[in-house]
Structures are given as structure tokens and as C-alpha cells.
Amino acid sequence: LDKQKRIGISRNILGGRQISKSTSLAGEITVKAHEAFHRMIYIAPQSSLTKAFSNIRLTDMLETPIINRNLFSRKSRFIPRDKRDVKIKIKDDVLSKRFVTGSYINLTYSDGTDTGRLRGFSADDGYCDEAQNATDLAAIHHVLTYCLRSSAIPRILNTGTPLGDDDFST
């Protein structure tokens with residue numbers, strides 16, 4: 001397909017309740033943050049879920065000593081060699097994090113009925129957490145197509161628990 005119309009690898013992680021889907025997502029974001037200038041966007045259906053993910057899952061992982069040194073310290077060996085003289089401003093807010101590697105993650109929310117908060121971001125990876133609660137996941141993916149347009153390898157990852165009478169029904 002034409003580069004402008006394709007989404008690279010799109011994946012879905014579906015599973016029962018409390019099996020560490022969001023923690024696995026935070027782990028993937030942390031690994032990708034070690035890559036030079038990797039851009040990511042995280043989307044949950046509600047602001048409270050986005051803030052909880054940022055404060056509980058992602059920040060806890062980023063505060064482990066070795067990861068903190070790799071992503072927030074000027075002594076990090078992951079700073080690209082050709083950028084060692086450039087001072088990259090780090091940021092560690094609830095809705096935005098920038099690392100010494102030049103990579104960043106923007107965390108936002110949308111249930112698909114109002115995708116205005118998603119517009120204007122440029123990313124390599126789009127992460128849709130708690131996707132089963134999105135009113136219009138197709139609308140979110142439509143906007144993500146434009147957010148990922150400048151990426152050489154655009155990817156979307158959806159995580160969620162199938163809705164049903166018990167934890168494992170589809």
C-alpha cells in the first residue's frame with residue numbers, strides 16, 4: 001500500500017481482568033523510549049484512566065533506578081552519539097513525557113465521540129488502552145492514521161477486556 005494510507009503492524013491484546021495488559025503496555029512504551037526520537041501517543045477512553053495509567057503504571061516503571069538513569073539522566077548511554085552535544089529538554093508530566101533519547105509519549109483520552117484531543121500529534125506508535133470502552137474505536141483509528149502518517153513504521157496497539165457476562169466471554 002501507499003505509505004500515506006498504510007498502518008504497519010496493528011495488534012490487539014485481549015484478555016481477562018487483571019492480567020497486566022496495561023502494565024505490559026507501560027513496559028512496551030518504556031522499551032520504545034530507549035530508541036532515539038521515537039514518538040508515541042497513548043489514548044484511553046476517559047481522562048481518569050489516562051491519569052491513572054500515567055501515575056500508577058508508567059511512572060512507577062520509569063522511576064526504577066536503571067530505567068530512570070537511562071531515560072532521564074544526561075549520563076545515559078542511550079543518548080544518540082550525534083546528539084550528545086544537543087541538550088534535549090526532558091519532561092515528566094502526567095500527560096507528556098520527553099526523554100534524553102529524544103523520544104516522547106503524549107498521553108490523552110477520547111472515547112471516539114470527540115477526537116479533537118487526538119489531532120495535531122505526530123507519532124510512530126499509537127496505543128489504545130481499554131479499547132473495549134471506546135464508543136467509536138474506528139473514529140480513533142481514523143484520526144490515528146493521520147497522526148502516524150509521517151512514521152516509517154506506523155503501528156497501533158489496542159488493549160482491553162472483552163465485554164460479556166464473565167471475565168472471559170467474547
Side-chain angles (χ1 to χ4, degrees), residues 1-15 21-62 71-72 78 80 83 86-163:
L1 286 174
D2 182 294
K3 179 182 174 186
Q4 299 297 336
K5 295 181 181 168
R6 70 172 163 74
I7 295 294
I9 302 167
S10 293
R11 298 179 296 159
N12 295 305
I13 298 176
L14 298 175
K21 295 178 299 292
S22 293
T23 302
S24 297
L25 187 58
E28 178 158 333
I29 290 168
T30 302
V31 169
K32 292 290 188 177
H34 284 78
E35 296 178 15
F37 302 100
H38 195 79
R39 307 161 302 165
M40 299 165 278
I41 183 170
Y42 169 91
I43 304 155
Q46 301 166 352
S47 65
S48 60
L49 293 172
T50 301
K51 291 175 185 174
F53 174 82
S54 179
N55 290 327
I56 297 168
R57 303 282 186 258
L58 188 57
T59 298
D60 283 356
M61 199 167 285
L62 294 174
L71 295 179
F72 292 106
F78 289 94
K83 304 294 182 197
V86 177
K87 181 165 176 149
I88 296 173
K89 186 177 179 182
I90 61 171
K91 186 176 184 179
D92 190 10
D93 293 339
V94 173
L95 298 178
S96 178
K97 299 179 187 304
R98 179 178 287 277
F99 312 104
V100 295
T101 59
S103 295
Y104 63 83
I105 175 88
N106 288 303
L107 300 105
T108 188
Y109 59 96
S110 175
D111 67 354
T113 57
D114 178 15
T115 56
R117 280 181 291 281
L118 308 179
R119 298 180 191 281
F121 290 110
S122 183
D124 297 305
D125 291 332
Y127 301 104
C128 299
D129 200 8
E130 302 294 342
Q132 79 281 0
N133 291 333
T135 305
D136 190 354
L137 190 59
I140 293 171
H141 284 184
H142 177 74
V143 174
L144 276 177
T145 301
Y146 292 97
C147 295
L148 301 171
R149 186 171 267 182
S150 65
S151 176
I153 306 171
R155 300 176 335 121
I156 295 176
L157 173 59
N158 300 304
T159 63
T161 302
L163 299 174

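None of these values were measured; they are calculated from a predicted model.
Glu130 meets the salt bridge (charged side-chain N to carboxylate O under 4.0 Å, His left out) test with no other residue; sequence neighbours excluded. Shown here are the side chain to side chain contact (heavy atoms under 4.5 Å, CB included) partners of Ala131, two or more places apart in sequence or in another chain: Leu137, Asn158. Taking Thr113 as the reference, Asp111, Thr135 meet the side chain to side chain contact (heavy atoms under 4.5 Å, CB included) condition, with sequence neighbours excluded. In this structure Tyr127 satisfies the ring pair (Phe, Tyr, Trp, His ring centres under 6.0 Å) test with no other residue, sequence neighbours excluded. With sequence neighbours excluded, no residue forms a side chain to side chain contact (heavy atoms under 4.5 Å, CB included) with Val31. In this structure Phe72 satisfies the ring pair (Phe, Tyr, Trp, His ring centres under 6.0 Å) test together with Phe99, sequence neighbours excluded. Residues satisfying the salt bridge (charged side-chain N to carboxylate O under 4.0 Å, His left out) criterion with Asp114, sequence neighbours excluded, are Arg117. Among residues two or more places apart in sequence or in another chain, the salt bridge (charged side-chain N to carboxylate O under 4.0 Å, His left out) test is passed with Asp129 by none. Legend: residues meeting side-chain hydrogen bond (donor to acceptor under 3.5 Å, both in side chains) with Ser54, ordered by chain and number and at least two apart, are absent.
In this structure, Ile56 and Ser22 have side chains that are not in contact, with every pair of non-hydrogen atoms separated by 4.5 Å or more. Looking only at side-chain heavy atoms (C-beta outward), Ile105 and Tyr42 come within less than 4.5 Å of each other. The side-chain heavy atoms of Leu148 and Arg155, taken from C-beta on, include no pair separated by under 4.5 Å.
Screening residues 34-48 for salt bridge (charged side-chain N to carboxylate O under 4.0 Å, His left out), with sequence neighbours left out, gives Lys32-Glu35, Arg39-Asp124. Within the structure, salt bridge (charged side-chain N to carboxylate O under 4.0 Å, His left out) pairs that include any residue of residues 96-107 comprise Asp92-Lys97 (at least two apart or interchain). Note on residues 40-60: no pairs pass salt bridge (charged side-chain N to carboxylate O under 4.0 Å, His left out), not counting sequence neighbours.
Considering every non-hydrogen atom in both Phe37 and Ser103, the closest pair reads N-OG, 3.4 Å. Taking each heavy atom of Ile90 and Val100 in turn, the nearest pair found is CG2-CG1, 3.4 Å. Contact detail for Ala44 and Thr50: the closest heavy-atom pair is CB-OG1, 3.4 Å. Between Leu58 and Thr30, the shortest heavy-atom contact is CD1-OG1, 4.1 Å. For the pair Asp125 and His38, the tightest heavy-atom approach, listed with the atom from each and the gap, is OD2-NE2, 2.7 Å. Here the closest non-hydrogen pair linking Ser151 and Ala123 is CB-O, 3.6 Å.
Going from atom SG of Cys147 over to atom CG of Asn106 covers 9.5 Å, rounded to the nearest 0.5 Å. To the nearest 0.5 angstrom, Ile156 atom CD1 is 4.5 Å from His141 atom NE2. Here the CG atom belonging to Leu107 is positioned 7.5 Å from the OG atom belonging to Ser96, to the nearest 0.5 angstrom.
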Run Phe53 and Ile29 through side chain to side chain contact (heavy atoms under 4.5 Å, CB included) and show every step you take. CA-CA 12 Å; Phe53 174 82; Ile29 290 168; 3.9 Å; yes

Any chance you could lay out the side chain to side chain contact (heavy atoms under 4.5 Å, CB included) test for Ser110 and Val143, step after step, and finish with the verdict? CA-CA 11 Å; Ser110 175; Val143 174; over 6 Å; no

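Using modelled atom types, no side-chain atom of Thr108 and backbone atom of Leu118 make a donor-acceptor pair closer than 3.5 Å.
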